[in-house]
Amino acid sequence: MSRAVAEVDLTAIAHNLNLIKAKSNAQVLAVVKADAYGHGLIPVAKAAVAAGAHWLGTALLEEGIALRAAGVKAPLICWLTPLGEDLKTAIKNNIDLSVSSMELLEEIIDAGRAANIVPRIHLEVDTGMTRGGVRNDWAEFVAEIAKAVKDNGVEVVGLWSHFARADEPDQSFNQQQLDTFHKRLAILISQGINPQFVHIANSAAALTNKDSYKNIVRWGIGLYGLSPDVNTLGSSGTLNLKPAMKLKAKLHLVKEVEAGAQVGYGGTATVNANTKIGVVTMGYADGIPRNTNNSAGVFVAGKRAPLLGRVSMDQFVVDLGLQSTAKTGDEVVIFGDGSAGEYTIDEWASAASTINYEIVTRIGPRVPRIYPRG
Ligand SMILES: *Cc1c(COP(=O)(O)O)cnc(C)c1O
């Protein structure tokens with residue numbers, strides 16, 4: 001094994017996809033943005049499609065184009081295209097685009113004319129997230145869209161929105177968003193545009209709110225076997241999700257240190273009693289969060305070894321304990337699904353005061369992704 005690897009279990013990806021397919025009659029869109037949440041864009045997308053994902057979705061256009069270049073043919077949406085992107089290549093590659101401004105609509109129409117193809121678009125409506133999507137003046141926007149449709153400038157394939165609080169137990173804000181969504185859809189239909197696809201659910205909504213399914217659910221964090229919110233929805237295990245990523249590194253050095261030793265930059269941790277420490281070959285340049293407390297660490301020689309002191313750029317130190325049998329050169333598991341006793345992604349997230357989404361997406365490009373069973 002090299003210095004550090006992220007092992008991704010594609011059978012877990014398939015399991016997690018099937019879990020949502022079994023729950024919902026809607027089509028499933030596998031969200032593979034951000035390098036498939038750090039798990040590797042192409043292998044994950046291919047595994048998701050092989051397991052029955054109807055759609056793929058990314059934020060960035062270059063991710064969508066990379067999927068097409070790798071021969072992935074599934075219906076695909078890229079929903080974050082600022083002005084000035086290579087929309088002609090997108091349209092030629094049969095990539096659906098999302099529209100939430102008149103400026104982008106014009107660019108898409110022009111690119112479609114240049115490509116001699118009618119672009120496929122999904123209209124994004126802001127129903128309360130207050131991020132992307134058309135918020136006010138929906139009727140005016142729809143009137144412009146209707147004109148563009150009549151001129152064969154675009155084909156409206158979908159209407160979509162995004163929840164702000166789908167992971168919260170109180171459903172009242174979600175219900176408000178759904179009500180607004182239905183009203184916007186009614187206006188669209190009254191202008192003669194009846195999109196084939198209507199979608200709003202993310203993973204949290206897909207797990208908790210059947211009314212949100214419409215005809216596509218966008219399955220993101222759940223695809224990777226992680227809970228959208230461990231506090232409100234429970235752990236991966238409770239949800240029967242299988243975390244797909246296992247992060248491994250090596251012990252660069254094992255040595256004894258005496259009580260009172262101060263560890264790492266700033267000497268922020270002091271060793272209470274004589275112990276053995278292990279130097280782990282990953283650091284914040286690889287995506288290990290620098291501000292992590294000692295409720296995370298690594299699993300080595302059959303035991304948990306908690307973090308000691310600050311994470312450095314390329315390495316961090318763990319407390320192996322005086323009795324540890326760990327040796328220089330041993331492999332360590334930084335996180336995994338927890339089944340062998342290792343720390344989980346959720347434990348790392350909690351120790352670093354962040355969410356599991358950030359732990360997996362921040363694993364950097366220096367760390368090879370490997371697919372042992374795929
Ligand atoms: C990231 C994203 C999702 C997936 O969200 P999860 O919480 O990971 O399921 C769905 N839709 C859009 C528009 C997104 O950007």
Side-chain angles (χ1 to χ4, degrees), residues 12-13 16-17 19-21 23-24 26-39 41 44-45 48 53-64 75-82 95-100 104 121-134 157-168 173-174 177-178 181 197-209 212-234 236 239 241-245 345-346 349 354-362:
I13 298 284
N16 299 324
L17 189 92
L19 183 130
I20 205 63
K21 283 187 68 172
K23 253 178 108 73
S24 146
Q27 297 191 354
V28 177
L29 181 151
V31 181
V32 292
K33 65 188 178 189
D35 198 28
Y37 289 45
H39 294 64
L41 175 66
V44 169
H54 305 85
W55 290 81
L56 296 169
T58 69
L60 308 190
L61 188 51
E62 55 253 45
E63 295 172 319
L76 166 61
I77 314 179
C78 298
W79 51 70
L80 197 78
T81 46
I95 294 172
D96 292 9
L97 298 167
S98 167
V99 177
S100 56
L104 185 61
I121 62 170
H122 298 241
L123 306 179
E124 184 186 2
V125 56
D126 178 3
T127 54
M129 169 84 175
T130 319
R131 195 180 63 180
V134 175
V157 177
L159 173 72
W160 73 281
S161 190
H162 197 55
F163 285 119
R165 305 171 68 161
D167 54 338
E168 295 179 10
F173 196 74
N174 301 327
Q177 285 198 262
L178 275 176
F181 193 51
F197 297 103
V198 175
H199 46 111
I200 185 167
N202 56 5
S203 295
L207 289 167
T208 59
N209 184 350
S212 72
Y213 287 0
K214 311 309 166 195
N215 46 20
I216 302 177
V217 297
R218 302 191 303 265
W219 187 231
I221 198 76
L223 181 65
Y224 306 97
L226 300 173
S227 168
D229 187 326
V230 288
N231 298 313
T232 57
L233 303 179
S236 302
L239 297 166
L241 293 167
K242 289 192 179 159
M245 189 191 285
I345 294 165
D346 291 323
T354 183
I355 53 174
N356 51 22
Y357 292 74
E358 192 179 4
I359 296 295
V360 287
T361 55
R362 64 185 294 159

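We count ligands from 1, going down the list as the structure has it; atoms in each ligand are counted the same way. It should be emphasised that the depicted structure is a prediction, and the values quoted were computed from it without experimental measurement.
Atom NZ of K214 sits in a crowded spot, with more than 12 heavy atoms from other residues, nucleotides or ligands closer than 6.0 Å.
Within the listing of ligand 1, atoms 6 (P), 9 (O) sit less than 4.0 angstrom from a heavy atom of S203. In the vicinity of R218, heavy-atom distances shorter than 4.0 Å reach the ligand 1 atoms 9 (O), 10 (C), 11 (N), 12 (C), 13 (C). Within ligand 1, counting atoms from 1 as listed, the ones closer than 4.0 Å to a heavy atom of Y37 are 1 (C), 4 (C), 5 (O), 6 (P), 8 (O).
Contact check for I200 versus F163: side-chain heavy atoms found under the 4.5 Å cut-off. Contact annotation: the side chain of L207 approaches that of P228 to within less than 4.5 Å [non-hydrogen atoms, C-beta and beyond].
Under 3.5 Å, the side chains of W79 and E124 contain no donor-acceptor pair of N or O atoms.
For atom 13 (C) of ligand 1, the nearest non-hydrogen atom of the protein is W160 CZ3, 3.3 Å. When only non-hydrogen protein atoms are considered, atom 7 (O) of ligand 1 lies nearest to Y357 OH, 2.6 Å. The closest protein non-hydrogen atom to atom 1 (C) of ligand 1 is K33 NZ, 1.4 Å.
At least one N/O-N/O distance between G220 and ligand 1 falls below 3.5 Å. For a threshold of 3.5 Å applied to N or O pairs, the pair formed by I221 and ligand 1 contains at least one separation below that value.
Contact between G64 and T58 at its shortest, heavy atoms only, is N-OG1, 3.8 Å.
Between H199 and W160, the ring-plane angle classifies as parallel under the 30° and 60° cut-offs.
Between F197 and H122, the ring center distance fails the sub-6.0 Å criterion.
Looking at R131, E124, H162, it is H162 that brings a heavy atom closest to atom 12 (C) of ligand 1.
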